[in-house]
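Sequential numbering from 1 along the given sequence is applied to the chain's residues.
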Amino acid sequence: MLFHYYDDKRTNDLVVAISKITGLNVGDVWKSFGNYFFNYASKLGYDRMLRTLGLDFYSFVQNLDHLHSLLALTYKGMRPPHFRCEKKAEKLFVHVFTVRPAMYTVAIGILTEAARQIFETDIKISVVSRKAGKIFEQKYCEHVVMEVKIIEDQKISSFFVDDQAMKNHAQNKHKQLSHAPYNNMVTVSEISLGTAMPFSVVFDRNMYIQSAGLHLKTLCSEFQQEGTKINDIFEIKEPGIKFEYDAIMSCNSSYMYFFLQPKIKDINGSLKESDCPVLKGHMIPLGGKEELMFIGSPHFDGVRDLVCSKTYLKNITQDKLTIEIILMNEQRQADIEISKKLDQTTADMKKLAAALDQEKKKTDMLLNQMLPVKVANQLREGRTVEAEKHENVTILFSDIVAFTTMAALCHPMDIVKLLNGLFQRFDQLTTKHDIYKVETIGDAYMVVSGVPEARDDHAIRVSNMGLDMIQEACHVINPVSGKCIQIRVGIHTGPVVSGVVGTKMPRYCLFGDTVNTASRMESHGLPGRVHISDTTYNLIRRIGYIFERREGIAIKGKGMMDTYFMNGVSNDFDPSRNNYFSNDHQATPQPIQVEGNPSSPTRPQYTQSGATLELSLFCSVI
């Protein structure tokens with residue numbers, strides 16, 4: 001958000017992450033960001049403001065602090081670096097004072113891009129020295145000195161303004177004026193000067209006040225006393241230099257804005273703020289004297305600060321620009337408050353949209369668990385779900401052996417925990433084998449494959465899940481006996497009709513004799529066994545499962561049926577060999593020989609084709 005303050009730690013963490021991803025060191029990432037930020041600010045319209053900072057690169061850097069002070073009116077809490085340019089032995093040095101250690105490389109990126117775009121000059125900036133610690137009365141923590149070198153020599157004339165040429169131009173101008181017919185000097189009295197510039201101060205090398213503007217004398221009685229030093233009344237807020245004559249002269253003060261802040265007075269042990277406002281202006285050397293004249297004006301963030309002070313518009317009528325800036329900034333602050341609210345509202349709506357999206361995903365996930373995805377999408381779009389007939393699907397039923405007795409002998413909460421633990425395992429298996437869970441009724445669990453989308457491997461998927469369900473049941477403990485529970489699994493394949501029943505709580509239901517037969521396979525099965533019909537067997541007999549043929553048994557409502565137990569998979573198990581709907585009906589293979597009673601609830605070792613398969617020994621009947 002444009003007007004939101006982000007903590008430095010978050011920014012540094014982001015830069016470190018970028019460094020790891022890109023392979024650049026952290027300094028190069030900051031420098032690259034500096035290049036980008038200049039272009040970003042230019043696109044927002046700040047390029048015109050930047051081009052007004054100076055005729056050459058030297059004055060551009062010198063006035064960066066002034067730009068920052070104006071931006072600080074908009075961006076509260078802004079902590080910009082302080083810049084100072086220095087020419088020494090025909091070399092140009094830039095001093096950067098920052099409150100953020102190791103982030104000076106951002107300034108390198110910004111200055112390099114500014115030189116290229118504003119002054120059409122490619123430069124190279126190298127670090128000469130770095131000094132850390134308490135700098136400028138503990139305001140800055142790092143001072144970096146950087147040398148600026150020009151890569152393209154032909155651009156020097158546009159990059160630097162020759163100081164000697166400027167002096168020669170000034171001397172020639174002075175000579176022209178001296179020969180003019182109106183070369184008489186006009187003397188202005190101190191009272192007239194103080195009235196015309198009510199916030200000006202003249203002081204000498206030793207900082208003693210020589211004269212002051214009329215309104216400053218009204219606000220602060222110290223200006224009327226002889227022998228008063230200006231640095232006893234004010235301190236320099238910006239730029240970060242000492243309030244001394246030599247320090248001001250060394251930084252080419254004519255090109256820089258100075259912010260003078262009144263010192264807090266200590267009267268009889270109590271602190272008192274001055275009635276004088278913060279002043280903003282230039283330090284002008286007076287020719288022929290070692291004196292400086294500060295020509296300033298009040299610096300207010302807005303009308304509110306003006307009202308709280310003892311300064312009124314009539315006191316600054318001579319400085320029309322200051323009044324315009326105050327009023328413009330007041331309007332700007334109102335616009336910013338609106339922008340902040342819009343920004344915050346936008347951010348809140350994004351969070352709300354993200355939260356709604358998460359809730360929608362949860363709702364969709366819940367709906368997709370209750371109904372097949374295809375059916376859920378039709379209902380979500382407001383369409384009517386028509387009943388469908390499916391020629392070949394495979395249905396599985398399971399239930400817990402002796403569940404009624406178990407429920408009567410233990411606490412209801414234990415039963416709920418048992419079913420929850422068991423069905424969670426079964427639900428994971430439906431995801432693993434991509435099978436649709438139809439419903440659970442008490443301890444019964446029903447799944448199907450082949451609806452609503454037809455698939456060729458429906459019998460294989462359901463068969464695999466049935467074998468996995470037998471194994472998963474061994475991990476759930478009977479709260480009565482303390483032993484693992486046993487389940488019966490029944491599977492049958494055939495045609496069904498599907499449809500959505502109900503409107504208040506719609507349910508996807510299956511109808512047909514296939515559902516009844518699958519239920520009979522489960523109820524006529526044995527504990528710890530997967531019991532399948534001959535229809536299912538004929539579809540998967542060549543896949544590589546290990547079957548145990550069961551002699552014809554009487555199935556309620558169906559008569560005598562040939563059924564099979566699935567005892568696992570052989571070494572040559574290959575699901576790709578399915579031959580669904582094949583007319584090649586080979587003779588039914590001979591049943592696998594089983595040692596002991598075939599109806600026994602336990603399964604010892606089975607032998608087939610000379611290969612011995614170790615199968616799990618399942619739990620005993622309760």
Side-chain angles (χ1 to χ4, degrees), residues 22 24-25 27-72 74-75 78 80-98 103-130 144-173 238-239 250-257 282:
T22 61
L24 297 171
N25 62 52
D28 288 338
V29 174
W30 281 121
K31 181 179 177 182
S32 178
F33 170 72
N35 295 140
Y36 165 79
F37 185 76
F38 181 89
N39 290 283
Y40 173 76
S42 298
K43 290 178 181 178
L44 292 179
Y46 287 97
D47 56 326
R48 290 174 294 177
M49 182 184 296
L50 292 170
R51 293 179 186 276
T52 64
L53 292 183
L55 179 63
D56 61 352
F57 184 80
Y58 177 84
S59 55
F60 173 85
V61 176
Q62 289 288 76
N63 282 300
L64 278 176
D65 287 2
H66 176 52
L67 174 63
H68 287 152
S69 65
L70 293 177
L71 294 177
T74 300
Y75 300 97
M78 181 177 172
H82 164 62
F83 291 89
R84 182 162 61 88
C85 250
E86 179 184 20
K87 293 179 181 177
K88 186 183 298 182
E90 297 185 354
K91 291 184 178 181
L92 182 65
F93 297 93
V94 174
H95 296 256
V96 179
F97 301 87
T98 177
M103 287 181 60
Y104 63 90
T105 47
V106 178
I108 294 178
I110 293 176
L111 294 177
T112 302
E113 196 67 18
R116 187 179 68 82
Q117 293 198 29
I118 297 179
F119 303 104
E120 300 179 355
T121 305
D122 290 329
I123 62 173
K124 181 179 180 181
I125 299 179
S126 57
V127 177
V128 177
S129 66
R130 289 179 61 188
V144 183
V145 180
M146 303 179 294
E147 183 179 358
V148 180
K149 294 182 180 179
I150 300 175
I151 299 176
E152 300 181 13
D153 294 338
Q154 66 271 21
K155 298 295 183 180
I156 294 180
S157 58
S158 63
F159 190 71
F160 290 117
V161 174
D162 190 350
D163 290 343
Q164 187 60 42
M166 291 290 290
K167 291 179 180 178
N168 293 337
H169 175 75
Q171 291 176 358
N172 293 334
K173 193 69 176 178
E238 295 287 347
S250 65
C251 64
N252 199 355
S253 57
S254 300
Y255 290 92
M256 298 180 64
Y257 270 96
H282 291 285

Aromatic Phe93 / basic Lys87 pairing, under 6.0 angstrom, 45° off normal: no
Beyond-backbone contact of Leu64 with Leu111, side-chain heavy atoms, under 4.5 angstrom: yes
Taking every non-hydrogen atom, the tightest pair across Val94 and Cys85: CG2-SG, 3.9 Å
Intermediate values then yes/no, side-chain contact (heavy atoms from CB on, under 4.5 Å), Phe97 and Arg84: CA-CA 9 Å; Phe97 301 87; Arg84 182 162 61 88; 4.2 Å; yes
Sole candidate of Val128, Val144, Val145 that passes side chain to side chain contact (heavy atoms under 4.5 Å, CB included) when paired with His95: Val145
Asn35 (side chain) donor-acceptor with Gly109 (main chain) under 3.5 angstrom: yes
Shortest non-hydrogen contact from Pro81 toward Val96: CB-CG1, 4.2 Å
Nearest non-hydrogen partners of Ile123 and Ala115, listed with the distance: CD1-CB, 3.6 Å
Exam field: side chain Ser59 to backbone Leu55, donor-acceptor pair closer than 3.5 Å: yes
Smallest separation among heavy atoms of Asp28 and Leu24, with atom names: CB-CB, 4.2 Å
Any donor-acceptor N/O pair, Asp65 side chain to His82 backbone, under 3.5 Å: no
Contact summary for Lys91 and Glu147, nearest pair of heavy atoms: CD-OE2, 3.5 Å
Gln117 side chain to Asn39 side chain, donor-acceptor N/O pair below 3.5 angstrom: yes
Side-chain touch Phe57/Ile118, heavy atoms, less than 4.5 angstrom: no
Plane angle bin for Phe83 and His68 - parallel if under 30°, tilted between 30 and 60°, otherwise perpendicular: tilted
Closest heavy-atom pair and its distance - Ile110, Phe38: O-CD1, 4.1 Å
